[in-house]
Each structure stands twice: as C-alpha cells, then as structure tokens.
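Read through the structure below, which is laid out as structure tokens, and then see the notes.
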Amino acid sequence: MKDRFYIRNAKDHADERVTVRGWLYNKRGHGKVRFVEVRDGTGLMQCVLVKGEANDSAFEAFDELTQESSIAITGTLREEPRAVGGYEMGVDELEILQIAEPYPIQPKEHGPEFLLDNRHLWLRSSKQWAIIRVRSALVLAIRKYLDGQGFVLIDTPILTGSIGEEGQTLFETKYFDLGKAYLAQTGQLYLEAAMFAHNLVYDFGPTFRAEKSKTRRHLTEFWMVDVEEAFYDSDDNMNLQEEFVRAIVEMTVEACPRELEILERDTNILLNSARKPFARISYDDAIELLREKGEDIEWGRDIGGAAETIISEHFDSPVFIYDYPKKIKAFYMKQHPERPELVKCSDLIAPEGVGEIIGGSQREEDIEVLRARIREEGLPEEAYGWYLDLRKFGSVPHSGFGLGIERTVAWICGISHVREAIPFPRMIYRLNP
C-alpha cells in the first residue's frame, strides 16, 4: 500500500513522478495537447499529454481510449488550482489495460428502471460514488460513537425462530427438520439477552421485511443498528438517540466535504437542524396537529409517511413522536403505567420529508405482562421461552432503539429515494443485479 499512489493523496506527492491506475472518465483535446480525466475510486484527476513531453505511444493510446477503459498513466504531479482536486499530472507514459466496450450509461437523462437494471455500472457515476462514500463514513461514525460510549458490538442471528415485529411481514424458509425459520426483522430480542451480560450493547447488520410497499422510503432488505441500554427509561432512551444522531451527522459531514459538494447538499441546513434541541410531541398531540392541518385521521391509527412529513414541517429540527397506542406497536414495548392503552415508545422523524429514521421504546420488564402480550398477539409462546427467561433472572427496566441506515443516508445526502442509499437495493419488484 505504501508504494501505491492514490488520487486522494495527491497533495502529499506534489512534483513527484507517480502512476495512477484507474478508468477513463473523459477525454478531450486535439493537436499537441490532449486531456485525460481518470478516476481511481478515490478521486478524479486531470492528466495532460503534451506533444514532445509524453512519449509517442501515449498519444497513440489516447486515440483508442473509450469511456471506462482501464489504464495506467504515469507522469509528474503539479499543483493546479483550476483542476479537480487542485492537482494535475503532466503525462509521459500511458498504458492501456483494457479497452472498454461502448458504455451503456451515457451523459444524458436515463430513467430509474434503466439505471437500476445497470446498478452494477451506475455505482461508478459521481453522484452514486459520493452517496456510497457518505454511507461508509456514516457507518464508521456510528461505530466510533457507540464504541466510544462503551457499547459492546453483538452479532445477532439473521435466521431466527421468533418474530421481532409483525408476523405478516416475515420472509420464511424451511429450516432442516426444525420447521420454519425467518429472516430477521430486527436483532433486538437477542440484543436484550446480551444486554444482561454487557449493560450497553448494539448490533449492526441487514434486516428484512416482506412488506409490499412501493414508497420511496421502503426496501425489503435494509441495514439497521440496534441499541439496547440497561436501566434506561423511555426519556433516557430519547436523550441518547438525540445525542447519537447529532454526533453521527456532524462526524459524517466533517468526513465527507467533497462528497456532499458533489451532491450539492446544503450542509448548513442539515447541521443547523441536527444541532437544535429535538422537538418532542405526544401521539395524542400529533393527531390533533394533523387534524388542525386538515388531515382526516382517527386516534389509534398509525402515522404514515405523508403525515410524518406534515408533522416534521411544523418543526425546525428532528421530532420525536412518543407514547403510541398499544394496539399498533410491537408486543415487547412497555405498557404506559398511567394509560394502559398506550406504550412507552417513540419514533424519531427526520426533516425534509425523510420520515422516521429511528424507532425506539422502553421494553416490558414484567414477565406476566409480557406473556399476556405475546398471547394477545397470537404469537407461539414456546418460541419466546428464552425471551421470557430474561425476565426471570434479574429483570430490570431497559430500553432500546433501531436506526435505519438508508433513510439516514438519504437525509444526510439530501436524496429523495432510499434505493440510491444502498449499493444494490432490494424492492418488491427487484432482485437483480
């Protein structure tokens, strides 16, 4: 690695002779001066071929080059403020590694289906390159924050015999002679078991929902970070979420100035919103607010995407909606001590139409109340024997939450559809590439 040159490190190699290995992004020029723009995955660099300075074979190779041809190009770096990245190369050698066939994604308008059919190639475009690097930086920020706060990473299973969320949105498969298994909707239940060993824990991985939704906010396979905290109530949980979200947004923006510039993201709007105290509104008040704004919504219904946007537009920061009706939330959420028709939970709604990025709750620590909820939901009690065990041996008040990576990436990047926030999106009508 030490002997390899990458465009991202150009400032450390001014006036040195280096070799860039990458792909042709663009070319132009005629006569004695030719320009080659090359990308190596870490950045983009302009390379200049001048007759008499570059060897003759470099000029001959230039004429053969097609978009996305792979090349190795050698020359001397020099500072050039007008060039992308502030540096360019004076070329003396150009080696063709492979001449690309006509590239299907041309610099013109393409429809989303065409681009998704060619997702394996679309990833190379500048906007998609920037989004995926923001995603990578966000993942690092999440790990850095949680590790720094003393949380322990727990790898929870993807194949499970118990239901974490809604039974009707499960992907199921036959599991040898043991009956049905399901793709995990959440690692939360297993994370709770680990919490009793480590106090503060998190997991990070793919989750699956067989939900037949075609909205811009939904995927059938998406990534989540789940967090569990012993001795936290619902208010403590919201306080942690607020600090967590603010920190990861700031760290990601700091790490990705070039990427967010490519995306034309106004980071002042993003940071100003994330740095303000997060608004909090009860479910009851949220329903009243929606009615005041002309929405026909009954108490007891879930708050959908359009309604979330209306609520978020009422505030200038992310907003928590808390204490939902029990009948529309998961069985493991703690019953409200004063209003048994409610549970102690919250959804965090991001601004700019992104919608819910976090769902969280205080967990029910009373074994009898939890068992009653499992029966009420018609869930197979035997599958939750181990989960009920956790309430027999040192049960304590505890809380947790799950943050969706793709929606958070969409918020930070300022993009409208989560399908661009993951390298290879899985939706109800798409399984390839």
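Just so you know, these numbers come straight off a predicted model, no measurement behind them.
- Side chains of I105 and N118 form a contact here, defined as non-hydrogen atoms less than 4.5 Å apart.
- When each of R135, R133, K127 is checked for a salt bridge (charged side-chain N to carboxylate O under 4.0 Å, His left out) with E259, only R133 meets the rule.
- Inter-residue side-chain proximity for T160 and L189 is flagged as unmet; no heavy-atom pair is nearer than 4.5 Å.
- Judged as a salt bridge (charged side-chain N to carboxylate O under 4.0 Å, His left out), and not counting sequence neighbours, E313 has no contacts.
- Annotation: side chain of K180 is not in contact with side chain of L170 (no heavy-atom distance under 4.5 Å).
- Side-chain contact, N9 with Y87: no donor N or O sits under 3.5 Å from an acceptor N or O.
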Residue pair E308, R217: steps toward the salt bridge (charged side-chain N to carboxylate O under 4.0 Å, His left out) verdict
CA-CA 12 Å; E308 288 175 348; R217 300 175 177 177; 3.2 Å; yes
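- Proximity of Y202 to L153: side-chain heavy atoms (C-beta onward) are separated by under 4.5 Å at one or more points.
- When atom types are taken as modelled, the side chain of R78 and the backbone of E88 share no donor-acceptor pair closer than 3.5 angstrom.
- Using cut-offs of 30° and 60° for the angle between ring planes, the W299 and Y283 rings count as perpendicular.
- With 3.5 Å as the limit, one finds a donor-acceptor pair spanning the side chains of D40 and T42.
- In this structure, R339 and D323 have side chains that are not in contact, with every pair of non-hydrogen atoms separated by 4.5 Å or more.
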For salt bridge (charged side-chain N to carboxylate O under 4.0 Å, His left out), just list the numbers for R246 and E243, CA-CA rounded to whole Å, side-chain angles, deciding distance to a tenth of an Å, and then say yes or no.
CA-CA 5 Å; R246 183 173 296 120; E243 181 181 303; over 6 Å; no
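- With sequence neighbours excluded, no residue satisfies salt bridge (charged side-chain N to carboxylate O under 4.0 Å, His left out) with E229.
- In this structure, L65 and I96 have side chains that are in contact, with non-hydrogen atoms separated by less than 4.5 Å.
- The aromatic rings of Y387 and Y384 sit perpendicular to each other, their planes meeting at more than 60°, with 30° as the lower class boundary.
- More than 12 non-hydrogen atoms from other residues, nucleotides or ligands lie less than 6.0 angstrom from CD of E368.
- Considering only residues two or more places apart in sequence or on other chains, F196 meets the ring pair (Phe, Tyr, Trp, His ring centres under 6.0 Å) condition with H398.
- Shortest non-hydrogen contact noted between I357 and V354 is CG2-CG1, 3.9 Å.
- For the residue pair R119 / Q128, a side-chain donor-acceptor distance below 3.5 Å is found, with atom types taken as modelled.
- Side-chain polar atoms of Y332 and Q188 form a donor-acceptor pair below 3.5 angstrom.
- Ring orientation note: the planes of F278 and F320 are tilted relative to one another, at an angle of 30° to 60°.
- Between Y324 and I303, the closest side-chain pair of non-hydrogen atoms falls below 4.5 Å.
- Note: Y190 and W386 have parallel aromatic rings, judged against thresholds of 30 and 60 degrees for the angle between ring planes.
- Annotation: side chain of V18 is in contact with side chain of M89 (closest heavy-atom distance under 4.5 Å).
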